[in-house]
Amino acid sequence: MSGTGPAARPGAAELERAFGDPWDPANPVGHAATVAADERDEVVAGGERLLDAYGLGAEFVPVGLGGRLDRLDRLVEVVRTVFRRDPALGRGYGAASFIAAVNVWSSGSDEQRRRLADLLLGGGRVATLYHELEHGNDLAGAAFAARPQADAPCGCTATRRW
(Lines give C-alpha, C1' and ligand atoms only; values in the text may rest on other atoms or scores of the structure.)
Protein backbone atom coordinates (compact mmCIF):
# COMPACT_ATOMS: atom_id res chain seq x y z
CA MET A 1 0.00 0.00 0.00
CA SER A 2 1.61 3.20 -1.08
CA GLY A 3 0.90 6.87 -1.44
CA THR A 4 2.14 10.16 -0.19
CA GLY A 5 0.85 12.51 2.43
CA PRO A 6 -1.34 11.72 5.43
CA ALA A 7 -4.56 11.31 3.41
CA ALA A 8 -3.02 8.77 0.99
CA ARG A 9 -1.28 6.52 3.49
CA PRO A 10 -2.98 3.46 4.93
CA GLY A 11 -4.06 3.50 8.55
CA ALA A 12 -5.95 1.47 11.13
CA ALA A 13 -9.17 1.35 9.08
CA GLU A 14 -7.36 -0.07 6.04
CA LEU A 15 -5.57 -2.61 8.18
CA GLU A 16 -8.84 -3.62 9.83
CA ARG A 17 -10.36 -4.19 6.38
CA ALA A 18 -7.33 -6.24 5.33
CA PHE A 19 -7.79 -8.50 8.38
CA GLY A 20 -11.40 -9.10 7.28
CA ASP A 21 -14.29 -10.41 9.35
CA PRO A 22 -12.79 -11.90 12.51
CA TRP A 23 -15.86 -14.11 13.06
CA ASP A 24 -15.79 -15.69 9.59
CA PRO A 25 -14.59 -19.28 10.19
CA ALA A 26 -13.08 -19.33 6.68
CA ASN A 27 -10.96 -16.20 7.31
CA PRO A 28 -7.31 -17.34 7.44
CA VAL A 29 -6.52 -14.54 9.94
CA GLY A 30 -9.84 -14.64 11.79
CA HIS A 31 -10.41 -15.59 15.41
CA ALA A 32 -10.79 -19.33 14.72
CA ALA A 33 -7.51 -19.48 12.77
CA THR A 34 -5.73 -17.39 15.40
CA VAL A 35 -6.90 -19.58 18.29
CA ALA A 36 -5.99 -22.75 16.39
CA ALA A 37 -2.51 -21.38 15.66
CA ASP A 38 -2.10 -20.34 19.29
CA GLU A 39 -2.98 -23.86 20.44
CA ARG A 40 -0.15 -25.12 18.20
CA ASP A 41 2.20 -22.45 19.67
CA GLU A 42 2.39 -20.77 16.26
CA VAL A 43 1.54 -17.39 14.80
CA VAL A 44 -1.42 -17.51 12.42
CA ALA A 45 0.06 -18.36 9.02
CA GLY A 46 -1.35 -15.48 6.98
CA GLY A 47 -0.79 -12.81 9.61
CA GLU A 48 2.79 -11.98 8.74
CA ARG A 49 2.02 -11.96 5.01
CA LEU A 50 -0.88 -9.59 5.64
CA LEU A 51 1.34 -7.22 7.65
CA ASP A 52 4.06 -7.43 4.99
CA ALA A 53 1.51 -6.45 2.33
CA TYR A 54 0.28 -3.59 4.50
CA GLY A 55 3.88 -2.45 5.05
CA LEU A 56 3.72 -2.42 8.85
CA GLY A 57 7.45 -1.69 9.12
CA ALA A 58 6.84 1.76 7.61
CA GLU A 59 4.74 2.61 10.67
CA PHE A 60 7.90 2.42 12.80
CA VAL A 61 10.03 4.65 10.53
CA PRO A 62 9.90 8.44 10.90
CA VAL A 63 8.42 10.34 7.96
CA GLY A 64 11.77 12.09 7.43
CA LEU A 65 13.33 8.70 6.64
CA GLY A 66 10.56 7.61 4.27
CA GLY A 67 8.20 5.96 6.75
CA ARG A 68 4.79 6.80 8.17
CA LEU A 69 5.72 7.56 11.80
CA ASP A 70 4.72 11.13 12.54
CA ARG A 71 2.35 10.84 15.50
CA LEU A 72 2.39 8.32 18.32
CA ASP A 73 -1.41 8.28 18.63
CA ARG A 74 -1.68 7.20 14.98
CA LEU A 75 0.89 4.46 15.53
CA VAL A 76 -1.05 3.22 18.57
CA GLU A 77 -4.26 3.03 16.50
CA VAL A 78 -2.54 0.92 13.84
CA VAL A 79 -0.71 -1.38 16.25
CA ARG A 80 -3.83 -1.77 18.42
CA THR A 81 -5.56 -3.23 15.36
CA VAL A 82 -2.89 -5.94 15.16
CA PHE A 83 -2.91 -6.67 18.91
CA ARG A 84 -6.70 -6.88 18.95
CA ARG A 85 -6.51 -9.60 16.27
CA ASP A 86 -3.47 -11.51 17.55
CA PRO A 87 -1.34 -10.38 20.53
CA ALA A 88 1.51 -12.72 19.54
CA LEU A 89 1.61 -11.18 16.07
CA GLY A 90 1.42 -7.68 17.55
CA ARG A 91 4.33 -8.30 19.90
CA GLY A 92 6.52 -10.36 17.62
CA TYR A 93 6.00 -8.48 14.38
CA GLY A 94 5.14 -5.04 15.68
CA ALA A 95 6.16 -4.06 19.17
CA ALA A 96 9.57 -5.75 19.05
CA SER A 97 10.62 -3.77 15.97
CA PHE A 98 9.30 -0.49 17.34
CA ILE A 99 11.01 -0.90 20.72
CA ALA A 100 14.33 -1.66 19.04
CA ALA A 101 13.95 1.14 16.48
CA VAL A 102 13.30 3.82 19.09
CA ASN A 103 16.86 3.35 20.35
CA VAL A 104 18.26 4.01 16.88
CA TRP A 105 15.95 6.94 16.12
CA SER A 106 16.87 8.63 19.39
CA SER A 107 20.57 7.83 19.65
CA GLY A 108 21.87 6.28 16.44
CA SER A 109 24.11 7.85 13.84
CA ASP A 110 22.68 9.07 10.53
CA GLU A 111 24.06 5.91 8.87
CA GLN A 112 22.44 3.65 11.50
CA ARG A 113 19.11 5.45 11.08
CA ARG A 114 19.24 5.10 7.30
CA ARG A 115 20.20 1.41 7.45
CA LEU A 116 17.40 0.64 9.91
CA ALA A 117 14.88 2.65 7.89
CA ASP A 118 15.86 0.71 4.76
CA LEU A 119 15.54 -2.59 6.64
CA LEU A 120 12.07 -1.83 8.05
CA LEU A 121 10.79 -0.26 4.82
CA GLY A 122 12.01 -3.33 2.93
CA GLY A 123 9.92 -5.69 5.07
CA GLY A 124 12.64 -6.65 7.56
CA ARG A 125 12.33 -6.68 11.30
CA VAL A 126 14.60 -5.87 14.17
CA ALA A 127 14.65 -6.74 17.85
CA THR A 128 16.54 -5.80 20.95
CA LEU A 129 17.36 -7.72 24.07
CA TYR A 130 17.17 -6.36 27.58
CA HIS A 131 18.25 -9.28 29.69
CA GLU A 132 17.95 -8.79 33.42
CA LEU A 133 18.05 -11.91 35.56
CA GLU A 134 16.41 -10.13 38.46
CA HIS A 135 13.55 -8.78 36.31
CA GLY A 136 13.11 -11.57 33.78
CA ASN A 137 13.34 -9.26 30.75
CA ASP A 138 10.62 -7.01 32.17
CA LEU A 139 11.26 -3.91 30.05
CA ALA A 140 9.37 -1.64 32.45
CA GLY A 141 11.47 -2.88 35.38
CA ALA A 142 14.83 -2.64 33.63
CA ALA A 143 17.65 -1.10 35.60
CA PHE A 144 20.04 -0.05 32.87
CA ALA A 145 22.16 3.03 32.20
CA ALA A 146 24.47 4.03 29.34
CA ARG A 147 27.30 6.48 29.93
CA PRO A 148 29.63 8.12 27.38
CA GLN A 149 32.97 6.34 26.99
CA ALA A 150 35.13 7.42 24.05
CA ASP A 151 37.14 4.18 23.70
CA ALA A 152 34.11 1.84 23.64
CA PRO A 153 32.98 0.52 20.19
CA CYS A 154 29.61 2.23 20.50
CA GLY A 155 30.96 5.30 22.29
CA CYS A 156 29.29 4.32 25.56
CA THR A 157 29.42 1.80 28.36
CA ALA A 158 26.42 0.09 29.87
CA THR A 159 25.91 -0.65 33.53
CA ARG A 160 23.18 -2.31 35.51
CA ARG A 161 21.84 -0.97 38.76
CA TRP A 162 20.93 -3.82 41.11
Side-chain angles (χ1 to χ4, degrees), residues 1-131 136-142 144 154:
M1 298 185 182
S2 62
T4 59
R9 67 182 177 196
E14 289 80 6
L15 186 54
E16 190 71 48
R17 279 193 290 280
F19 270 110
D21 179 0
W23 300 106
D24 178 356
N27 181 347
V29 292
H31 292 324
T34 300
V35 169
D38 185 63
E39 289 175 353
R40 294 186 308 271
D41 292 327
E42 298 173 1
V43 175
V44 68
E48 291 183 340
R49 287 189 300 277
L50 185 146
L51 296 179
D52 285 341
Y54 172 83
L56 188 67
E59 298 294 341
F60 310 132
V61 178
V63 170
L65 290 168
R68 298 191 290 253
L69 178 60
D70 63 349
R71 293 184 8 224
L72 195 54
D73 61 333
R74 182 186 176 284
L75 174 63
V76 168
E77 287 177 8
V78 170
V79 174
R80 184 184 317 149
T81 301
V82 180
F83 271 92
R84 190 171 50 249
R85 292 305 188 102
D86 184 350
L89 188 61
R91 179 153 163 66
Y93 192 111
S97 285
F98 179 68
I99 290 168
V102 166
N103 295 301
V104 177
W105 306 147
S106 66
S107 302
S109 68
D110 289 342
E111 179 185 349
Q112 289 169 327
R113 289 182 186 117
R114 180 76 263 151
R115 287 180 64 198
L116 181 56
D118 291 345
L119 175 76
L120 292 171
L121 293 171
R125 287 176 247 157
V126 64
T128 189
L129 174 69
Y130 296 98
H131 185 71
N137 286 336
D138 174 16
L139 186 61
F144 181 86
C154 67

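These figures come from a predicted structure and were not determined experimentally. Nothing fancy with the numbering, it's 1 onward along the sequence. Side-chain atoms are counted along with the backbone in the values below, which use heavy atoms only and exclude waters and symmetry mates.
Checking side-chain atoms of N103 against main-chain N and O of I99 turns up a donor-acceptor pair under 3.5 Å. Between the Q112 side chain and the S109 main chain, a donor and an acceptor come within less than 3.5 Å of each other.
Between L50 and A18, the closest heavy-atom pair is CD1-O, 3.2 Å. Closest approach of V29 to G47, counting heavy atoms only: CG1-N, 3.6 Å. G90 and F83 make their closest contact through C-CZ, 3.3 Å (heavy atoms, listed as atom of the first residue, atom of the second, distance). For V44 against P28, the heavy-atom pair with the smallest separation is CG2-O, 3.1 Å. Here the closest non-hydrogen pair linking E59 and L75 is O-CD1, 3.7 Å. Closest non-hydrogen pair, D21 versus N27, comes out as O-ND2, 2.9 Å.
The pair R17-E14 meets the salt-bridge criterion, with a side-chain N (NZ, NE, NH1 or NH2) lying under 4.0 Å from an Asp/Glu carboxylate O. Under 4.0 Å is where a charged nitrogen must lie from a carboxylate oxygen, and between D52 and R49 no such pair does. One finds no salt bridge joining D110 and R114 here, because no Lys/Arg side-chain nitrogen approaches an Asp/Glu carboxylate oxygen to under 4.0 Å. Salt bridge present: E48 and R125 bring a charged side-chain N and a carboxylate O closer than 4.0 Å.
Going from atom CH2 of W105 over to atom CZ of R113 covers 8.5 Å, rounded to the nearest 0.5 Å. Going from atom CG of L119 over to atom CZ of F60 covers 12.0 Å, rounded to the nearest 0.5 Å. Between the CG atom in L65 and the CG atom in L121 there is a gap of 8.0 Å [rounded to 0.5 Å]. A distance of 9.5 Å separates CZ of R40 from CG of D38, quoted to the nearest 0.5 Å.
Using bins of under 30°, 30° to 60° and over 60° for the plane-to-plane angle, the ring pair W23/H31 lands in the perpendicular bin.
R84 CZ: more than 12 foreign heavy atoms inside a 6.0 Å radius.
For the pair R68 and Y54, the cation-pi criterion (under 6.0 Å, within 45° of the ring axis) is fulfilled.
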